[in-house]
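Okay, so here's the structure we're looking at.
None of the values given here were measured: they were computed from a predicted structure.
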Amino acid sequence: MTDAAALPGQPRGGVLSGPATARAVNVLAPNASAMTLDGTNTWIVSEPGSDLAVVVDPGPLDDVHLRAVIATAEEAGKRVALTLLTHGHPDHAEGAARFAELTRTPVRALDPALRLGDEGLAAGDVVTTGGLEMRVVATPGHTADSLCFHLPADRAVLTGDTVLGRGTTVVAHPDGRLGDYLDSLRRLRSLAVDDGVRVVLPGHGPVLEDAQGVVEYYLAHRANRLAQVETAVEDGYVSASEVVAHVYADVDRSLWPAAELSVRAQLEYLRDHGLI
């Protein structure tokens, strides 16, 4: 057994659902799988003392879960006033329209197709509902529309699928692009180094206590995988499926379809940079 403190990002032990920082509470969706880990983390974020809350990623279209999110907010004396999306994948966003119906709140997202209401989201926006300060950070790469939300008062960042609480994320080619993803990781590293972010509130898996550590690990992991893919191509493994079978031989085969998306993104990156 590996000591949790030695794992990248220092994952917090214990129950995933519940308070994570002074301003963020997690309600875990019941959609656990190999791809979603323990399930989708639905975050309720609010300023202490405020009766208004913001929900980030309502999760799948599951009425029991959506009502549990509302009940958790109400039990804390808060009313959901706004819904935000980190990106449009169904495990994060499929329940957004129903959640908006239940709460009568707008949904803000980078992708106009996911919005309900007049306002979207863009890099540099600041959400101030109920006195909260949550800054929007563009982090494309996992998907083109991926966003993170910086919570300065808690020295925390909500990362959606850009950084997970366990393992590494998929660059979902062709929508996701590796060059964009590497830039996004560097942006998150800057938040840790320059802006004091310490805590990662991920879209799946446990809270991480060492933001800089996990981002450095992700960057090193990507560099290592890229080198492996480049070597595999030089050794004659040409197609994405051939590269996956060679480079990801130690990975559960059920995850190979997702790994192939990342490999396609890596092959595209290597070709664009004239490396293969």
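- Hydrophobic clustering of Ile, Leu, Val, Met, Phe, Trp and Tyr side chains at less than 4.5 Å, counting indirect connections, unites L191 with V163.
- Taking 4.5 Å as the limit, every side-chain heavy atom of R189 sits out of range of all side-chain heavy atoms of R187.
- Looking at R222 and S262, their side chains come closer than 4.5 Å, going by heavy atoms from C-beta outward.
- Clustering ILVMFWY residues whenever any of their side-chain heavy atoms sit less than 4.5 angstrom apart, transitively, puts V54 in a cluster other than the one holding V25.
- Distance alone, capped at 3.5 Å, is enough to place a donor-acceptor pair between the S50 side chain and the G130 backbone.
- In terms of the salt bridge (charged side-chain N to carboxylate O under 4.0 Å, His left out) criterion, residue partners of D125 (sequence neighbours excluded) are, by chain and number, R108.
- Residues D161 and T169 have side chains that never bring a donor and an acceptor to within less than 3.5 angstrom of each other.
- Taking OG1 from T86 and CG from D57, the interatomic distance works out to 3.5 Å, rounded to the nearest 0.5 Å.
- The line from CZ of R186 to OG1 of T139 is 14.0 Å long, rounded to the nearest 0.5 Å.
- Taking Ile, Leu, Val, Met, Phe, Trp and Tyr as members and joining any whose side-chain heavy atoms lie under 4.5 Å apart, directly or through other members, V126 forms no hydrophobic cluster with any other residue.
- Applying the side chain to side chain contact (heavy atoms under 4.5 Å, CB included) test to D252 and every residue at least two apart in sequence or in another chain returns S254, L255.
- Panel note: side chain S184, backbone D180; a donor-acceptor pair is recorded below 3.5 Å.
- Put simply, the side chain of T21 never gets that close to the backbone of D154: no donor and acceptor are under 3.5 Å apart.
- Residue pairs that meet the ring-ring contact (aromatic ring centres under 6.0 Å, His included) test with at least one member in residues 149-189, sequence neighbours left out, do not exist here.
- Between the side chain of E75 and the main chain of T72, no donor-acceptor pair closer than 3.5 Å is present.
- Counting heavy atoms from C-beta outward, L84 and V136 have side chains that stay 4.5 Å or more apart.
- Here H273 pairs with Y269 under the ring-ring contact (aromatic ring centres under 6.0 Å, His included) rule; sequence neighbours left out.
- Here K78 does not pair with D51 in a salt bridge; the nearest charged N to carboxylate O distance is not below 4.0 Å.
- V56 and L151 fall within a single hydrophobic cluster, where Ile, Leu, Val, Met, Phe, Trp and Tyr side chains are chained together by heavy-atom contacts under 4.5 Å.
- At a threshold of 4.5 Å between non-hydrogen side-chain atoms, the residues V157 and L201 do not count as touching.
- With contacts defined as side-chain heavy-atom distances shorter than 4.5 Å, the pair C148/L188 qualifies.
- Nearest heavy-atom pair across L208 and L164 is CD1-O, 3.5 Å.
- Considering all non-hydrogen atoms of both residues, L85 and A93 come closest at CD1-CB, 3.9 Å.
- Looking at P206 and L16, their side chains come closer than 4.5 Å, going by heavy atoms from C-beta outward.
- By the rule that hydrophobic residues join a cluster once side-chain heavy atoms approach within less than 4.5 Å of another member, V263 and V247 end up as members of one cluster.
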Side-chain donor-acceptor contacts of residues 111-122 below 3.5 Å, not counting sequence neighbours, with atom names and distances?
from, atom 1, to, atom 2, distance (Å)
D111, OD1, A113, N, 2.9
R115, NE, A109, O, 2.8
R115, NH2, L110, O, 2.8

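- The stretch residues 213-237 participates, sequence neighbours left out, in these ring-ring contact (aromatic ring centres under 6.0 Å, His included) pairs: Y237-H246.
- Exactly one residue among T36, D91, T40, D38 makes a side chain to side chain donor-acceptor pair (under 3.5 Å) with N31. That residue is T40.
- Residue V171 comes nearest to G176 through the heavy atom pair CG1-C, 3.7 Å, listed as atom of the first residue, atom of the second, then distance.
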- prompt: How far apart are the C-alpha atoms of L132 and V45, what are their side-chain angles, what is the distance that settles it, and do they pass the side-chain contact (heavy atoms from CB on, under 4.5 Å) test?
  reply: CA-CA 8 Å; L132 188 68; V45 190; 3.8 Å; yes
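- Listed by first and then second residue, the salt bridge (Lys or Arg N to Asp or Glu O under 4.0 Å) pairs involving residues 261-271 are R177-E268, E260-R264 (not counting sequence neighbours).
- Between the T128 side chain and the G131 main chain, no donor and acceptor come within less than 3.5 Å of each other.
- Counting all heavy atoms, side chain and backbone alike, P48 lies closest to A22 at CG-O, 4.0 Å.
- With no hydrogens or angles considered, a side-chain donor-acceptor pair links N26 and N41 at under 3.5 Å.
- Residues passing the side chain to side chain contact (heavy atoms under 4.5 Å, CB included) test with T103 are I70, V80, F99, T105, sequence neighbours excluded.
- Counting only heavy atoms from C-beta outward, the side chains of E209 and V199 approach each other to under 4.5 Å.
- Two residues are said to be in side-chain contact when any heavy atoms from C-beta on lie closer than 4.5 Å; L226 and L270 meet this criterion.
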task: Mind running side-chain contact (heavy atoms from CB on, under 4.5 Å) on T231 and D235 for me, showing each step along the way?
output: CA-CA 6 Å; T231 299; D235 290 343; 3.7 Å; yes
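- Partners of H87 under the ring-ring contact (aromatic ring centres under 6.0 Å, His included) rule, at least two apart in sequence or in another chain, are H89, H92, H142.
- In plain terms, the two heavy atoms of P11 and G165 that are nearest each other are CB-O, 4.2 Å.
- Taking the ring-ring contact (aromatic ring centres under 6.0 Å, His included) definition, one finds that Y248 meets it with nothing, sequence neighbours left out.
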Which donor-acceptor pairs under 3.5 Å do the side chains of residues 59-69 make with protein atoms, sequence neighbours left out?
from, atom 1, to, atom 2, distance (Å)
D62, OD1, V64, N, 3.0
D62, OD1, H65, N, 3.0
D63, OD1, R98, NE, 2.9
D63, OD2, R67, NE, 3.2
D63, OD2, R98, NH2, 3.2
H65, NE2, T42, OG1, 2.9
H65, NE2, P58, O, 3.0

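- Among all heavy-atom pairs drawn from P106 and A81, the shortest one is CD-O, 3.8 Å.
- Checking T159 against T162 by side-chain atom types alone, no donor-acceptor pair falls below 3.5 Å.
- W43 and L102 fall into different hydrophobic clusters, where Ile, Leu, Val, Met, Phe, Trp and Tyr are joined by side-chain heavy atoms under 4.5 Å apart, directly or via other members.
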